[in-house]
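What follows is a short report on a single structure.
The figures that follow rest on heavy atoms only: side chains count, while hydrogens, waters and symmetry mates do not. Residue numbering restarts at 1 for every chain, and letters A, B, ... go by the order of the sequence lines.
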Protein chains: 2
Amino acid sequence: MTHLESTSLDLLKLHGLRKTPCRLAVLELFFRERAALSHQNIEQQTQNSNFDRVTIYRTLTTFEEKGILHRVPDLEGQAKYALCSEKCSEHAHHDAHVHFKCQTCEKVLCMEDIPLPETAAPKGYQVKTASFLLEGLCAECNG
Amino acid sequence: MTHLESTSLDLLKLHGLRKTPCRLAVLELFFRERAALSHQNIEQQTQNSNFDRVTIYRTLTTFEEKGILHRVPDLEGQAKYALCSEKCSEHAHHDAHVHFKCQTCEKVLCMEDIPLPETAAPKGYQVKTASFLLEGLCAECNG
DNA sequence: ATTATCTTTGCAACTTAGTTGCAATATTTT
DNA sequence: AAAATATTGCAACTAAGTTGCAAAGATAAT
Ligand SMILES: [Mn+2]
Ligand SMILES: [Mn+2]
Ligand SMILES: [Zn+2]
Ligand SMILES: [Zn+2]
């Protein structure tokens, strides 16, 4: 059993989810890639396993509910997901960090270290959540 | 000719676009509502005119290209559009402001007065554009 | 190890968003 | 009024996402 396999297994147990090939494969994929992934990305990168598209959709939804993955703001296009920090749970997500999308390699990355900038809410408005997406060139593509 | 009609007409002329019922209706709708609108919103709010869905899609695309409308980051769900400031043109958009989505009335608003917060780009990364979406209760719904 | 219970999967069918080609129509220019 | 050009509507298509349900699989109890 590889390292990623056992980490993934632990994560499933921790959240009371059954160990299934699709769930393990999806988790391992997220651990290997360190970027946000769309349903389509996952389908392509697990082609040989031939999981049903619906199963992958359901896996993503389940993981989001449990606090294993969070949705990442990818304007235009499909929903993307990324691994949550340990703070997240079934009850609440705590993924208030900046995200970065590279215009060259298209990767979307969580900048866990960059907190969301403080926001001057206009008077009368009550801000509950915020999301901040930067776009440009990632370290790799910037050269 | 109402005020909105003539404003809309001017805008079409200014961008070298022909005056058509669909384009006028869509522009007037944007001037009346002051919120971002999706294709679906527009289709519903112009039902009696019975414009073809495809025509509405093309109208939105054209307006975006010309710098009349800009896309608004609405995570999940369909693309939304809002009126651009006068600075925008065929050649470049200049809509770097904060957007606000009300969790109650679902309206998405341009906060033209709130500029984007300065962003500490992580080293190695080159930031080119950014988008900041606040969510919560709008002034109306906050009561 | 077998069985019972409860979860997850795969399939088929459906919905909604968005795109493309093309002929008919409307708008602008001459 | 006719010619030139831009826009529309239709039909057909692709892609994303959802739902119901029966069969298969995982875990827990015996
Ligand atoms: Mn993230
Ligand atoms: Mn705006
Ligand atoms: Zn890159
Ligand atoms: Zn509101």
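Recorded end-axis angle for the helix from C/dA1-D/dT30 to C/dT30-D/dA1 stands at 30°, based on five pairs per end and rounded to 10 degrees.
The separation between A/R18 atom CZ and C/dT9 atom P is 11 Å, rounded to whole Å. Atom CG of B/N50 is separated from atom P of D/dC10 by 8 Å (rounded to the nearest Å). Distance, B/D52 CG to C/dG21 P: 17 Å, rounded to whole Å. Look at CD1 on B/I56: it is 15 Å from C1' on C/dT16, rounded to the nearest Å. Remark: P of D/dT19 and OH of A/Y57 are 13 Å apart, rounded to the nearest angstrom. Regarding B/H39, its NE2 atom lies at a distance of 9 Å from the P atom of C/dA17, rounded to whole Å. Across the protein-nucleic acid pair, B/N41 atom CG and C/dG18 atom P stand 11 Å apart, rounded to whole Å. Atom P of nucleotide C/dG10 and atom CZ of A/R53 are separated by 13 Å, given to the nearest angstrom.
Residues of residues 59-69 of chain A having a heavy atom closer than 4.0 Å to DNA chain C: none are found.
No donor-acceptor contact under 3.5 angstrom links the side chains of A/D10 and A/T7, judged on distance only.
Considering every non-hydrogen atom in both A/H39 and A/I56, the closest pair reads CD2-CG2, 3.5 Å. For the pair B/T129 and A/Q103, the tightest heavy-atom approach, listed with the atom from each and the gap, is OG1-NE2, 4.2 Å.
Closest contact between the side chain of A/L17 and the listed nucleotides D/dC21, D/dT8, C/dT8 involves C/dT8. The side chain of A/T20 approaches C/dT8 more closely than any other nucleotide in the set C/dT8, C/dT20, C/dC11.
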>> For a ring-ring contact (aromatic ring centres under 6.0 Å, His included) check, start with the C-alpha distance between B/H97 and B/H70, then their side-chain angles and the critical distance, and finish with the verdict.
In response: CA-CA 11 Å; B/H97 50 258; B/H70 64 278; 5.2 Å; yes
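The aromatic rings of B/F100 and A/Y125 stand perpendicular to each other, their planes meeting at an angle above 60°, with 30° marking the opposite boundary.
Comparing B/K19 and B/E43 by the nucleotide of DNA chain C that holds the closest heavy atom to each, the one mapping nearer the 5' end is B/E43.
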